[in-house]
Structures are given as structure tokens and as C-alpha cells.
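Below is one structure; the comments refer to it alone.
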Amino acid sequence: LATLIIHCAGFVGGLGANRAHPGRFFHDNLAMGLNLIEAARQTGFIERAGTIVVIGTMCSYPAEAPCPYREDWLWRGRPDPEVASYGLAKLALLQLLGAYRLEHGLKSAYVIPTGFYGPGDNTNPVNSHVAGAFVKKYVDAAMDGAPEVVNWGTGAPLRDLIYIEDAAEGVVRVAEVMDEPTPINLAGGEEVSIRDLAALVSRLAGYGGRTVWDATKGDGQLRRSLDIGRAKELLGWSPRVSLEEGLARMIAAYRQGRTT
């Protein structure tokens with residue numbers, strides 16, 4: 001019988017998806033976590049001394065929180081309105097884990113990663129995150145000879161992405177070390193503007209055309225990055241894969257998928 005649950009399922013997507021489906025982002029993500037945690041309580045998981053790890057989101061941080069975000073800012077304000085449905089649903093699960101620990105003795109842990117990227121990432125233009133969207137756009141454009149790539153916004157916002165293998169190692173480590181839901185950030189440690197990220201993906205994809213920015217689509221939050229001091233202190237964890245290396249691996253995997 002299981003003694004470890006890692007809850008990383010979710011209804012997720014980029015800024016466009018958050019704008020289009022705020023109701024579903026709140027309902028589906030809250031319902032998934034709430035039902036899973038309650039099912040663990042009902043099925044003897046707590047009696048087996050099981051631990052549940054919930055994957056949160058940096059969208060839970062208040063819009064006015066200073067960057068890089070520190071975990072003690074989580075409850076100090078409302079998230080950015082455009083991602084609040086997703087952020088508050090995940091934050092509610094942190095509260096639930098703490099409540100179930102007090103009332104039922106549930107062992108748990110809670111991690112907050114930046115945006116994942118890597119081989120196998122979602123590249124669907126409708127609901128992919130920025131790295132997946134850029135990899136598809138620029139590799140497709142390079143392979144198809146497209147004269148230009150059009151991206152949303154101005155490219156000014158800053159982001160910090162985490163390579164999927166680094167994130168997985170952090171989640172495994174938190175499952176080994178933690179038994180109570182102290183929130184812990186996981187990040188790649190390299191803040192980059194969306195414009196520079198696009199330029200890096202374009203170069204690694206071998207694309208020779210031009211990039212056009214559609215400022216009518218808006219930028220979202222101008223800066224989102226995480227402080228990983230707590231992860232280093234409590235878990236002994238640090239990211240190992242650089243942004244350029246991780247993107248090169250992701251591009252190679254996507255290009256291979258297109259040609260096989």
C-alpha cells in the first residue's frame with residue numbers, strides 16, 4: 001500500500017489560458033487537491049504514516065510581493081488578478097494540508113516551483129507555458145522557413161524557469177526530508193527577460209528570420225522569480241542545469257519528434 005503521494009496534476013496553461021478559463025482554473029485545481037487529500041484521510045494513508053507532497057505555484061504570491069519571492073510573503077496579499085484563480089486554488093491546498101496535520105496527523109510537504117521546461121514539455125499554442133510555446137514557434141519556423149515569428153507582449157517581463165530534472169530532484173528531496181507543509185521554493189536561479197528568452201531559443205533553434213512583438217496582447221506580471229534559500233538550507237538542494245543547456249536539450253527532443 002502507498003506511503004507517498006506526489007500531487008502534481010493540474011489544469012494549467014499560460015497567460016492566455018488563465019484569462020480564458022478563470023473559473024475552471026479555480027474549480028478544477030481546488031477540486032483535484034481537496035479530493036485527493038480527503039481520500040488519503042479516508043483510506044488509511046495517515047495510519048500508514050504516509051506523506052503527501054503537493055506542488056504549488058508561484059502564482060500564489062501577492063502581486064505586490066518583492067522579487068525574488070520569499071515564502072514568508074505567501075499570505076500577505078492577493079495574487080495578480082490574471083492568475084489569481086490558479087494561485088488561490090493552490091494556496092488553499094497549503095492551508096488544507098496544515099489543517100489536516102493539526103486535526104488528523106497528516107504528514108505532508110509543499111513545494112512552489114517556477115515554470116517547468118524540458119524535453120516532453122507541452123508545446124500546444126493554446127495552453128503551453130512560455131518555454132514550450134517558444135520552442136515550438138522557433139523550431140517550426142526554422143524547419144519550415146517562416147520569415148517571422150510573432151510573440152505576445154513586449155518581451156519585457158522577467159522570468160526564472162526550472163529544468164524538469166532539477167525540479168524532480170527537488171520534489172524527491174522534499175519527500176525524503178519534510179513531514180509538515182512548510183512551503184519551499186524551487187527555481188532555476190537564472191532570471192531572464194521574455195525577449196532574451198525568445199532570442200536564446202531562436203539562436204539555439206537555428207532560426208534566421210525576424211521576431212515581431214504584439215504589444216496589444218499585454219505582458220502579465222513584469223517580474224516573477226523565487227528565492228531558493230530555504231530549499232538550500234532545509235533540503236541541501238540547488239539547480240544543476242543551466243537555462244541554455246536545458247533549452248538545447250528541449251529543442252533537440254522537439255526537433256527529433258517532428259522528424260520521426
Side-chain angles (χ1 to χ4, degrees), residues 5-40 52-65 67 69 71 73-100 108-118 120-136 151-153 157-162 164 167 171 181 183-187 194 214 216-226:
I5 297 171
I6 299 176
H7 174 44
C8 51
F11 178 63
V12 300
L15 187 58
N18 275 269
R19 288 171 173 169
H21 304 289
R24 186 177 174 192
F25 266 83
F26 187 82
H27 174 275
D28 287 15
N29 288 293
L30 181 59
M32 283 182 227
L34 187 152
N35 288 324
L36 181 65
I37 294 167
E38 173 61 10
I52 182 167
V53 180
V54 171
I55 311 300
T57 173
M58 65 191 304
C59 295
S60 297
Y61 279 100
E64 68 275 14
C67 280
Y69 299 154
E71 295 90 344
W73 262 87
L74 273 173
W75 298 102
R76 298 190 188 185
R78 181 178 171 80
D80 182 273
E82 293 195 300
V83 295
S85 287
Y86 183 50
L88 290 172
K90 289 290 191 176
L91 194 58
L93 299 182
L94 174 59
Q95 176 65 30
L96 186 62
L97 291 177
Y100 271 45
S108 62
Y110 188 91
V111 296
I112 304 172
T114 54
F116 301 131
Y117 76 100
D121 196 359
N122 176 24
T123 59
N124 186 324
V126 175
N127 59 7
S128 60
H129 289 290
V130 63
F134 281 174
V135 166
K136 177 176 175 55
N151 296 325
W152 280 22
L158 298 173
R159 296 293 183 263
D160 181 353
L161 308 178
I162 185 170
I164 189 62
V171 171
I184 299 176
N185 291 334
L186 300 176
I194 298 297
D214 182 0
T216 67
K217 299 297 186 182
D219 281 325
Q221 282 184 277
L222 291 181
R223 190 180 180 198
R224 286 214 305 262
S225 62
L226 298 178

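For the atom pair CG (Leu91) and CG (Leu93), the distance works out to 9.0 Å, reported to the nearest 0.5 Å. To the nearest 0.5 Å, the span separating CD on Glu64 from CZ on Arg78 amounts to 11.0 Å.
Checked by atom type and distance alone, the side chain of Thr114 pairs as donor or acceptor with a backbone atom of Asp160 at under 3.5 Å. When atom types are taken as modelled, the side chain of Glu82 and the backbone of Asn18 share no donor-acceptor pair closer than 3.5 angstrom. Looking at Asp80, its side chain never comes within 3.5 Å of a backbone N or O of Ala63 through a donor-acceptor pair.
Side-chain contact between Pro183 and Leu74 is present, with at least one heavy-atom pair separated by less than 4.5 Å. Proximity of Cys67 to Ser225: side-chain heavy atoms (C-beta onward) are separated by under 4.5 Å at one or more points. Side-chain contact between Val130 and Tyr117 is absent, with no heavy atoms from C-beta onward closer than 4.5 Å. Contact check for Ile5 versus Leu36: side-chain heavy atoms found under the 4.5 Å cut-off. A 4.5 Å side-chain heavy-atom check between Asp219 and Trp152 finds every atom pair outside the cut-off. Counting heavy atoms from C-beta on, the side chains of Leu88 and Ser60 never come closer than 4.5 Å. Here the side chains of Leu97 and Ile37 are in contact, with some heavy-atom distance below 4.5 Å. In this structure, Leu222 and Leu158 have side chains that are not in contact, with every pair of non-hydrogen atoms separated by 4.5 Å or more.
Here the closest non-hydrogen pair linking Gly115 and Met58 is N-SD, 4.4 Å. Taking both residues in full, the closest heavy atoms of Asp121 and Gly132 are given as OD2-N, 3.8 Å, listed atom of the first, atom of the second, then distance. Annotation for Lys90 and Ala9: closest pair NZ-O, 3.7 Å, computed over non-hydrogen atoms. When all heavy atoms of Cys8 and Ile55 are compared, the closest pair comes out as CB-CG1, 3.5 Å. Taking every heavy atom of both residues into account, Val12 and His129 meet most closely at CB-NE2, 4.3 Å. Here the closest heavy-atom approach between residue Thr123 and residue Lys136 is recorded as O-CD, 2.9 Å.
If you look at Tyr86 and Phe26, their ring centroids are not closer than 6.0 Å.
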* Just do the side-chain contact (heavy atoms from CB on, under 4.5 Å) check on Ile6 and Ile52 with the steps written out, would you? => CA-CA 6 Å; Ile6 299 176; Ile52 182 167; over 6 Å; no

* side-chain contact (heavy atoms from CB on, under 4.5 Å) between His7 and Val53, worked out -> CA-CA 6 Å; His7 174 44; Val53 180; over 6 Å; no

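Annotation: ring-ring contact (aromatic ring centres under 6.0 Å, His included) contacts of Tyr69 (sequence neighbours excluded): Tyr61. With sequence neighbours excluded, no residue forms a ring-ring contact (aromatic ring centres under 6.0 Å, His included) with Phe116.
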